[in-house]
K.L.:
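Can you read through this structure? Questions will come right after.
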Amino acid sequence: MIDLVRNVRLWFAPERVRDEGGTPDYRFSLANERTFLAWLRTALALIGGGFAVDQFLPDLRWAWRAGLALALLGAGVLCSLRAVNHWVRCERAMRRGEDLPESRFPALLGLVVAVVAVAMVLVVLVGWEG
């Protein structure tokens, strides 16, 4: 828990990350930043998908529409927060010469997206209307 609090503080003070260890090869820092941006693009796509489900499926029962939209929106929020946390953790590990941190988040995100996709397939096949 203490590491999480420390990492959240570093989200808003990235210059403090530079105080740890040595400067890694810039290519690695830039690759870390590109990964961060890829996670943000994924988050934006999930958020857009959540709004699309809510706006473009008005005939779908409210509970289904709200559930699918909220699942996508929630996944987008978690993905964006995880992007920042992962960037900080990786940058710190590179500066310290440590192994990059492990993460189960990609598997969790993949499962959430798969469940929502299966639900959407059912909606399309069955054609539930409100």
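Bear in mind the structure is a predicted one, so any value in this text is a computation, not a measurement. Start at 1 with the first residue, then count along the sequence.
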K.L.:
Sequence neighbours excluded, which residues qualify as side chain to side chain contact (heavy atoms under 4.5 Å, CB included) partners of Pro24?
P.N.:
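Residues passing side chain to side chain contact (heavy atoms under 4.5 Å, CB included) with Pro24: Ser29, Glu91, Met94, Arg95.
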K.L.:
Is any side-chain heavy atom of Met120 less than 4.5 Å from a side-chain heavy atom of Leu57?
P.N.:
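Yes, side chains in contact.
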K.L.:
Tell me, please, which residues at least two apart from Val113 pass side chain to side chain contact (heavy atoms under 4.5 Å, CB included).
P.N.:
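Once residues adjacent in sequence are excluded, the partners of Val113 under the side chain to side chain contact (heavy atoms under 4.5 Å, CB included) criterion are Leu46, Leu109.
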K.L.:
Could you work out, with side chain to side chain contact (heavy atoms under 4.5 Å, CB included) as the rule, every residue matching Ala63, not counting sequence neighbours?
P.N.:
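Checked Ala63 against side chain to side chain contact (heavy atoms under 4.5 Å, CB included); zero matches.
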K.L.:
Tell me whether Leu44 is reachable from Leu72 by hopping between hydrophobic residues (I, L, V, M, F, W, Y) whose side-chain heavy atoms are closer than 4.5 Å.
P.N.:
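Shared cluster, no.
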K.L.:
Which atom names give the shortest non-hydrogen contact between Asn32 and Cys90, and what distance separates them?
P.N.:
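Where Asn32 meets Cys90 most closely, the heavy atoms are OD1-CB, 3.5 Å.
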K.L.:
Can you tell me which residue pairs pass the salt bridge (Lys or Arg N to Asp or Glu O under 4.0 Å) test with a partner in residues 112-124, sequence neighbours excluded?
P.N.:
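Matches after skipping sequence neighbours: none remain.
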K.L.:
Nearest 0.5 Å, what's the CH2-CG distance between Trp87 and Leu10?
P.N.:
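Output value for this atom pair is 8.5 Å.
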K.L.:
Could you pull out all residues at least two apart from Leu30 that satisfy side chain to side chain contact (heavy atoms under 4.5 Å, CB included)?
P.N.:
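Side chain to side chain contact (heavy atoms under 4.5 Å, CB included) list for Leu30, sorted by chain: Glu33, Arg34.
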K.L.:
Can you list, pair by pair, the side-chain donor-acceptor contacts under 3.5 Å of residues 73-83, counting residues two or more places apart and other chains?
P.N.:
residue, atom, partner, partner atom, Å
Ser80, OG, Gly76, O, 3.4
Ser80, OG, Val77, O, 2.8
Arg82, NH2, Ser103, OG, 2.7

K.L.:
Using the rule that two of Ile, Leu, Val, Met, Phe, Trp, Tyr join whenever any of their side-chain heavy atoms come within less than 4.5 Å, decide whether Val17 and Phe12 are in one cluster.
P.N.:
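Yes, Val17 connects to Phe12 through the hydrophobic network.
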K.L.:
With rounding to the nearest 0.5 Å, note down the distance linking CG in Leu68 to CZ in Arg61.
P.N.:
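Answer rounded to 0.5 Å: 13.0 Å.
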K.L.:
Keeping to residues at least two apart or across chains, list the side-chain hydrogen bond (donor to acceptor under 3.5 Å, both in side chains) pairs with something in residues 35-57.
P.N.:
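Found Asp54-Arg65.
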K.L.:
What pairs of residues pass the salt bridge (Lys or Arg N to Asp or Glu O under 4.0 Å) test when at least one of them lies in residues 97-121, not counting sequence neighbours?
P.N.:
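For residues 97-121: Arg96-Glu98.
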K.L.:
Please check if Val53 and Ile47 belong to a single hydrophobic cluster, counting links between Ile, Leu, Val, Met, Phe, Trp and Tyr side chain heavy atoms closer than 4.5 Å.
P.N.:
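Val53 does not cluster with Ile47.
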K.L.:
Working to the nearest 0.5 angstrom, can you tell me the gap between Leu100 CG and Arg89 CZ?
P.N.:
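Reported value, rounded in 0.5 Å steps: 10.0 Å.
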K.L.:
Members other than Leu111 in its cluster, when Ile, Leu, Val, Met, Phe, Trp, Tyr link by side-chain heavy atoms under 4.5 Å?
P.N.:
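Traced through the cluster, Leu111 reaches no other member.
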K.L.:
Can you list every side-chain hydrogen bond (donor to acceptor under 3.5 Å, both in side chains) pair that touches residues 44-53, not counting sequence neighbours?
P.N.:
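Those involving residues 44-53 do not exist here.
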